[in-house]
2 protein chains.
Amino acid sequence: MFQVDPMSRTPVYEQIVDQTERFILAGIINANDKLPSVRNLSVELAINPNTIQKSYTELDRRGVIYSVPGKGCFVSEDAVEKIGGNRRMKLEELKKLLIELKLAGITYRELEECLKAAYSDTLVDSMSQWEKKEDAAVEITKRGEEEQK
Amino acid sequence: MFQVDPMSRTPVYEQIVDQTERFILAGIINANDKLPSVRNLSVELAINPNTIQKSYTELDRRGVIYSVPGKGCFVSEDAVEKIGGNRRMKLEELKKLLIELKLAGITYRELEECLKAAYSDTLVDSMSQWEKKEDAAVEITKRGEEEQK
DNA sequence: TAACTGTACTATTTTATATAGTACAGTTAT
DNA sequence: ATAACTGTACTATATAAAATAGTACAGTTA
């Protein structure tokens, strides 16, 4: 599920943070789902456990996940809201990009086309933007299922 | 004209590359215009000359500028094409961002609004995105003017 | 009890970025 | 010719962020 490019200029721990938020937004992992354990994911991605922990610490700081020592890390109830809270920031980013494209000679019609295309895509199609392969299996379980005991 | 934020996460040399390309796309500097000298710009921006040179070397590598040892660096004849050559790449970036915004719960109408806004902006307004102040004067001269001799 | 979980901590390595300083050759104007 | 400019090359060093390595402790689960 998770995928990482060690050669990318964006730090690995940040790639994991981003991917986690995207998976949540896309509904691939939901509230109270358990994330892979620090050690498991570190083995799966072949990176240092501390790097994973750094990602989880950041996600916890943002309120996107909550961690229960001894049990695991779980998606917050209001994770989507916490992530979506950057609407204004992202819209600013979008505007800058649009102006760049405009200056680069891309027409309004082309962008409108692109906009329509993005919105007509299904969720599954959307996610294919981020995960090119689907090889590694990861245990993501509803916390509620296991907890009633 | 050029402005740099040393605290930014994007490297200074890259900020200069980006700004130069944007100035060219916006028509603020044109083909065969002379860029500020390495040493001048380094003094003006209070950064090391080597950093400026790194920017110019990169721009040269991209074919956006050409350098004449002993004379200076000048904007290439086909600079705009060279810069705009990343249309597909930028459109891909846009699509990813759009999908993110869609997932974050931003409506089609909101994005359409943003798109219209970006395209109704004048060039001057657009540039205000990148340069907040307009203090330092920089010598940018047509090379053609000085060359006929 | 054994195997898992998150967390904390220090030390070290690696990499990209930036700086410092020097030097050389071509250009321009006086 | 001279002085002042231009780009370029080179080595060495400094700095900060990122990642690794290793160990340890406490809570949880089967």
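Numbered from 1 within each chain, the chains take letters A, B, ... in sequence-line order.
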- Query: Roughly how many Å is it from CD1 in B:Ile47 to P in C:dA20, rounded to a whole number?
  - Reply: 11 Å

- Query: Is B:Ser67 near enough to D:dT6 that one of its side-chain N or O atoms lies under 4.0 angstrom from OP1 or OP2?
  - Reply: no

- Ignoring backbone atoms, test whether A:Arg9 places a side-chain nitrogen or oxygen under 4.0 Å from the OP1 or OP2 oxygen of C:dT17. yes

- Contiguous Watson-Crick or G-U pair runs (3 or more, under 3.5 Å) in DNA chain D: C:1-30 with D:1-30

- For A:Gln53 and for B:Arg39, find the nucleotide of DNA chain C with the closest heavy atom, then tell me which residue's nucleotide is more 5'. A:Gln53

- Would you sort out whether B:Glu112 and B:Arg109 count as a salt bridge (Lys or Arg N to Asp or Glu O under 4.0 Å), showing the intermediate values? CA-CA 5 Å; B:Glu112 202 180 18; B:Arg109 297 235 169 273; 3.6 Å; yes

- Message: Looking at C:dC4, I'd like to know if its phosphate oxygens (OP1 or OP2) sit under 4.0 Å from a side-chain N or O belonging to A:Ser37.
- Response: no

- Note on the structure: note: B:Asn48, atom CG; D:dT15, atom C1'; distance rounded to Å ~ 13 Å

- Among C:dA18, C:dT19, D:dA19, which is the nearest nucleotide to the side chain of B:Val12? C:dA18

- Item | Sequence-distant partners of B:Glu77, side chain to side chain contact (heavy atoms under 4.5 Å, CB included), two or more places apart | B:Ala31, B:Asn32

- Query: B:Thr10: what forms a side chain to side chain contact (heavy atoms under 4.5 Å, CB included) with it, not counting sequence neighbours?
  - Reply: B:Ser8, B:Gln15

- Contacts of B:Glu81 meeting salt bridge (Lys or Arg N to Asp or Glu O under 4.0 Å) (sequence neighbours excluded), chain-then-number -> none

List, with names and distances, any nitrogen or oxygen atoms from the protein found under 3.5 Å away from nitrogen or oxygen atoms belonging to nucleotides 10-12 of chain C.
none

- Message: Using the side-chain heavy atoms of A:Tyr13, tell me which of these nucleotides is nearest: D:dA18, C:dT19, C:dG6.
- Response: D:dA18

- Looking at A:Lys34 and A:Ser37, what are the two nearest heavy atoms and their distance? NZ-N, 4.4 Å

- Value in whole Å for how far the C1' atom of C:dG6 lies from CG of A:Asn40: 13 Å

- Between C:dT19, C:dT7, D:dT6, spot the one nearest the side chain of A:Cys73, thanks. C:dT7

- May I ask you to verify if any side-chain N or O of B:Thr57 is less than 4.0 angstrom from the OP1 or OP2 atom of D:dT8? no

- Query: Between A:Pro6 and A:Pro69, who's closer to the 5' end of DNA chain D by nearest nucleotide?
  - Reply: A:Pro6

- Could you go through the side chain to side chain contact (heavy atoms under 4.5 Å, CB included) check for B:Phe74 and B:Ile65 one step at a time? CA-CA 5 Å; B:Phe74 305 88; B:Ile65 69 176; over 6 Å; no

- Task: Compare the minimum distances between each of D:dT20, D:dG7, D:dA18 and the side chain of A:Pro11, then state the nucleotide with the smallest one.
- Result: D:dA18

- Query: Among all residues two or more places apart in sequence or in another chain, which pass the salt bridge (Lys or Arg N to Asp or Glu O under 4.0 Å) test with A:Asp78?
  - Reply: A:Lys82

- Excluding sequence neighbours, so at least two apart, what forms side chain to side chain contact (heavy atoms under 4.5 Å, CB included) with A:Asp18? A:Glu14

- Query: Can you list every pair that meets salt bridge (charged side-chain N to carboxylate O under 4.0 Å, His left out) and has a residue in residues 45-59 of chain B, with sequence neighbours left out?
  - Reply: B:Glu58-B:Arg61, B:Glu58-B:Arg62

- Task: Report yes if at least one side-chain N or O of B:Tyr56 is closer than 4.0 Å to OP1 or OP2 of D:dG7; otherwise report no.
- Result: no

- Message: Side chain of A:Lys71, heavy atoms from C-beta onward: which of D:dT28, C:dT5, C:dA18 has the nearest atom to it?
- Response: D:dT28

- What residues, two or more places apart in sequence or in another chain, satisfy side chain to side chain contact (heavy atoms under 4.5 Å, CB included) together with A:Ser55? A:Tyr13, A:Ile16, A:Val17

